[in-house]
Amino acid sequence: MKYNFKQIEKKWQKIWESKSLDWKAKDFGKNKIYILDMFPYPSGDGLHIGHIEGYTGSDILSRYFRMRGYNVLHPMGWDAFGLPAENYALKMKKNPMTFVPKNIENFKKQLKSIGFSFDWTHEINTTEPEYYKWTQWMFLKMFNLGLAYESEAPINFCPSCKTGLAREEVINGRCDRCKSETEIRYLKQWHLKITKYSDRLLDDLKELNWPESIKELQRNWVGKSAGYEIDFQLEDKSNKIKVFTTRVDTLYGVTFLVLAPEHPLSSKIARGDYYYITDKYLRNILSKSERDRMMSREITGVFTGNYAIHPMTGRRIPIWISEYVLHQYGTGAIMGVPAHDKRDYDFATKFHLPIEKVVQPENTFEKFSGENSVSVYEGFGKLKDSDEFSGLLSEDAIEQIGQKLIEKKFAQKNVYYKLRDWIFSRQRYWGEPIPIIKCQKCGNVPVQEKDLPVKLPKITNFRPTGTGESPLKKLKNWVNTKCPKCKCPAERETNTMPQWAGSCWYYLRFTDPSNKKEFANLSKLKYWLPVDVYIGGAEHAVLHLLYARFWHKVLYDLKLVPTKEPFFKLVNQGMILGEDNEKMSKSRGNVVSPDNIIKNFGADSLRMYEMFMGPFDSAKPWMTDGIKGIYRFLNNAFTLANKITRTHKHQIEEDKELLVALNKTIKKVGEDIENYKFNTAISQMMELIDLMRKKLGEKKLDKKHFETFLKLLFPFAPHITSEIWEQLGHNTLLDKENFPEYNKKYLINEEKIIIAQINGKRRLDLTFPAETPFEEIKTTIQKHPKIKAHLKGKRIKKTIFAGDKIINFVTN
RNA sequence: GCCCGGGUGGCGGAAUUGGUAUACGCGCAAGACUUAAAAUCUUGUGGUCGAAAGGCUGUGAGAGUUCGAGUCUCUCUCCGGGCACCA
């Protein structure tokens, strides 16, 4: 019988469909595990290779843990709001409400065609009113806490998508979605106060079992720096300039101050002849676009003709204005210490300002003593030219300087973050309406809980206006309503939420997806949370993953969720690149379609090949030729099964070699699955099947051992293994079998191979019974003619016997 | 510029964490089967010298620690990703 994967896969998918309750998570019980995938946005293009990689990983885990007797929650849902769907809708001139459900159906069909064991009884969709009712509800919780607020602010606006964007959505001055250059607009926008959680978002990272690189990205994004704010009096005492620094120890090295062009003093501070040139500089800079300013690396600046007084030395310090100082960060003014900061150094060099070294780092003395050298030093060195603080500079010494400044009222401690509040309004149609009513008298009034959800109306013209208003604004009978407070005529908020809103809490809803009274029942949340394993791409490092953590913490403070953090363990699947080793993209023409692969090799081959290509978490190029190896492996398993069916009645004596290999494989496959090392688990199974084929030829293969192998393979290739299982005469599902346990007895070697080395170079290997004592091994090996030959004329200085594996003779 | 990853055969990648480098797979070569091809099976496959036995050499480059380094330390270099004038 031939391996007819088409027929087999169809057959088993049908069987699973009818018995899908087998994958249904129980609400309570021992040994829970929550295995979550980042749910997809159901695009019209359908599943791509990258989705399948992550979902196969989680499917292997889920099937494995079910076989281990765990109560597994492995759900799937749809993140269907957002710009991609809406832009597509505009192109097709169809309302997303009509085609999103079709896309979802298609996605679901595709997922089932790959044999993923999702618990479909827990399916959710962020665009359904029963779901987004709770998204709106949570927004109102934040509103009531003052965490959601409206304010007019300069924001990044995408002229093509015609909406404001969060900082996280702007990459190098371009819209993350459509790559258009963004512009700055002043718009009244809803914000979520994520900055209030900066410290906790940083600190709680410690508890998470996440890839270090993702944690680092989040740390950098929050960007905490602690330092001092120091006041510099203007020479004429008319005002003072507050600068922020993390390096008070370099205070004596200040040779100039720099203000950002937007600093309030910049336009007022110029003196005498410098007035005109300063004014010209400011007008020039402020007329440039944000992007132009960001892109240009040219050092520009202007002297204002004004001076400040150094708080410690009383020296006159010239005040400059330059665009290299950012007004959005710190105080918008810095102290220039060219000897100890690269940027200050570049500035000083360009404008011929003095450079004074005041800190002499010990570790970098060489660099420091060179001509014109600058040192951003590691560790702390000596402070020169200061009677007050000479000697070694430690962190304590820095603290002392800071303390002194604070006493003299020149300085105060402060902490700054790069993180900004999350801009939460989108002037677009396809999102959750923000549940606020704007009343002339009462201001922003929350929609009453009983009136939730505020349903998104189905309209024909949802084209964004570009005026800063949502297309919903035109819908008078939807917009006009009554103020819940004073009952006066009022208008609805017409902005919608960003696409990230629904995904901030979907993993909570999965635990209790059809609850009509609460977003999820607390006892169910207590049972399932946190998510034990969360699998998805690294591209969400500072978007979804940061937003969701923030959102979760808000709910935690309200005692609505039981854990501080949502996702305990995070695993990033590496990106699958095209055969040309480049990112897959339509424009490059290197996209691999899963449908073709399934047609030619079957879903089991596709699943296994994606797992076999390389380490789960690293990027790897696709090679269509490579899948043949997996296909051959599955074929071999299938043919072997055919032969066993015919011959299994033979009484077979136990084969030691096979048992050792089998037990080794059981151990390795189990451990590798738990460590996401699917590629090496598969190699191990390949070795085992080769041995089994050999043993079958020698009539030494017992059917039950082959069945053990099937159980190991089942999580990876569920269709073919289920089919073989049935062919071998079982009328139960392989799903219901326990994962095999290995017997330690077979893992203990009765023999050991000793490698003999001379001066670390391998010369010989010999096999000894396991209990052979060291002395005996040593003399036997020394007597061996080969070793003798190599030792001729040399004296053994030392003999090393390591790990019962290697004996090394060191000679002179 | 700064912060993370990473460089191992022709290719994708293994290596029990300091102990036989190149498992497993692809590709390639030779052979078997076939009228032939495909598929399948068997054998071989880092480089180099050698008829062979065997030797030398070999994990981006250079140094160091060690009886022993792909693995640890330092310097450099190249590739991928992220942040980007964050004081």
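Order of the sequence lines sets the chain letters (A, B, ...), proteins ahead of strands, with each chain counted from 1. Please read all numbers here as calculations on a predicted model, not as lab measurements.
The side chain of A/Arg763 places an N or O atom within less than 4.0 Å of a non-bridging phosphate oxygen (OP1 or OP2) of B/rG55. Between A/Ser225 and B/rA87 there is a side-chain N or O to OP1 or OP2 distance below 4.0 Å. A sub-4.0 Å separation between OP1 or OP2 of B/rU57 and a side-chain N or O of A/Lys761 is present. Contact check, A/Arg632 against B/rC41: no side-chain N or O comes under 4.0 Å of OP1 or OP2. Dashed line: the shortest gap from a side-chain N or O of A/Asn635 to OP1 or OP2 of B/rA39 is not under 4.0 Å. Look at A/Lys752 and you won't find any side-chain N or O under 4.0 angstrom from OP1 or OP2 of B/rG19. Contact annotation: A/Asn220 side-chain N/O to B/rC4 OP1/OP2 distance is not under 4.0 Å. In this model, the phosphate group of B/rG81 is not approached by any side-chain N or O of A/Lys583 to a distance below 4.0 Å at OP1 or OP2. At the phosphate of B/rA87, neither OP1 nor OP2 sits under 4.0 Å from any side-chain N or O atom of A/Tyr416.
Separation of the C1' atoms belonging to B/rC2 and B/rG70 is 29 Å when rounded to the nearest angstrom. Using atom C1' as the reference point in both B/rC26 and B/rG81, the two lie 27 Å apart (nearest Å). Using P as the reference atom, B/rU57 and B/rA69 are 13 Å apart when rounded to the nearest Å. Distance check on atom P: B/rU35 versus B/rA51 gives 40 Å, rounded to whole Å. Across B/rU8 and B/rG58, the matching C1' atoms stand 10 Å from one another, rounded to whole Å. Spacing between B/rA37 and B/rA32 at atom C1', rounded to whole Å, works out to 16 Å. A gap of 33 Å separates the C1' atoms of B/rC33 and B/rG13, to the nearest Å. For B/rG82 and B/rA30, the P atoms lie 46 Å apart once the distance is rounded to whole Å.
Ion pairing between a basic and an acidic side chain is recognised when a charged N comes within 4.0 Å of a carboxylate O; A/Glu53 and A/Lys620 show such pairing.
Using a distance-only test at 3.5 Å, with no hydrogens or angles considered, no donor-acceptor pair links the side chain of A/Asn663 to the main chain of A/Tyr742.
A distance of 12.0 Å separates CD1 of A/Ile334 from CD1 of A/Ile230, quoted to the nearest 0.5 Å. Between A/Ile49 atom CD1 and A/Ile576 atom CD1 the span is 6.0 Å, to the nearest 0.5 Å.
A distance below 6.0 Å separates the ring centres of A/Phe351 and A/Phe347.
Pairing partner, B/rC67: B/rG19, with both Watson-Crick or wobble hydrogen-bond distances short of 3.5 Å. B/rA87 is unpaired under the Watson-Crick or G-U wobble criterion, no partner having all donor-acceptor distances under 3.5 Å. When Watson-Crick and G-U wobble pairs are counted only if both distances are under 3.5 Å, B/rU40 pairs with B/rA32. The nucleotide B/rG5 finds its pairing partner in B/rC79, both defining distances of the Watson-Crick or G-U wobble pair being shorter than 3.5 Å. Across all strands shown, B/rC26 pairs with B/rG10; the Watson-Crick or G-U wobble distances both stay below 3.5 Å.
Looking at the side chain of A/Ile753, the nearest of the listed nucleotides B/rC24, B/rG13, B/rU20 is B/rU20. Out of B/rC83, B/rU20, B/rA23, the shortest distance to the side chain of A/Trp221 is found at B/rC83. The side chain of A/Pro621 sits closest to B/rG12 out of B/rC67, B/rA14, B/rG12. Among the nucleotides B/rG19, B/rC83, B/rC24, the one closest to the side chain of A/Lys418 is B/rC83. Comparing B/rA87, B/rC11, B/rU20 by their closest approach to the side chain of A/Arg762 singles out B/rU20. Proximity note for A/Glu687 (side chain, C-beta onward) versus B/rA23, B/rC41, B/rG19: the nearest is B/rA23. In the set B/rG68, B/rC83, B/rA14, B/rA14 carries the atom at the smallest distance from any side-chain atom of A/Thr680. Of the candidate nucleotides B/rG13, B/rC41, B/rA87, B/rC41 has the atom nearest to the side chain of A/Arg693. For A/Lys805, the side-chain atoms get nearest to B/rG19 when compared with the rest of B/rG19, B/rG13, B/rG25.
Side-chain atoms of A/Asp625 and base atoms of B/rC26 include no donor and acceptor less than 3.5 Å apart.
Here B/rG80 presents its C1' atom at 14 Å from CG of A/Leu217, a figure rounded to the nearest Å. One can place NZ of A/Lys798 at 6 Å from C1' of B/rC67, the figure rounded to the nearest angstrom. As a whole-Å value, the separation of A/Trp622 CH2 from B/rC11 P is 21 Å.
Look at B/rU59: its glycosidic torsion is beyond 90° from 0, and that puts it in the anti range. With its glycosidic angle more than 90° from 0, B/rG64 is assigned anti.
The neighbour count for A/Lys242 NZ, taken as heavy atoms of other residues, nucleotides or ligands under 6.0 Å away, is above 12.
Considering every non-hydrogen atom in both A/His310 and A/Tyr252, the closest pair reads NE2-CA, 4.1 Å.
When each of A/Ile806 and A/Met613 is assigned the nucleotide of RNA chain B with its nearest heavy atom, A/Met613 is the one assigned upstream, toward the 5' end. Residue A/Gly629 is the one, among A/Met335 and A/Gly629, whose nearest nucleotide of RNA chain B lies closer to the 5' end (criterion: closest heavy atom).
The residue A/Asp344 sits apart from the nucleic acid: no heavy atom pair falls under 4.0 Å.
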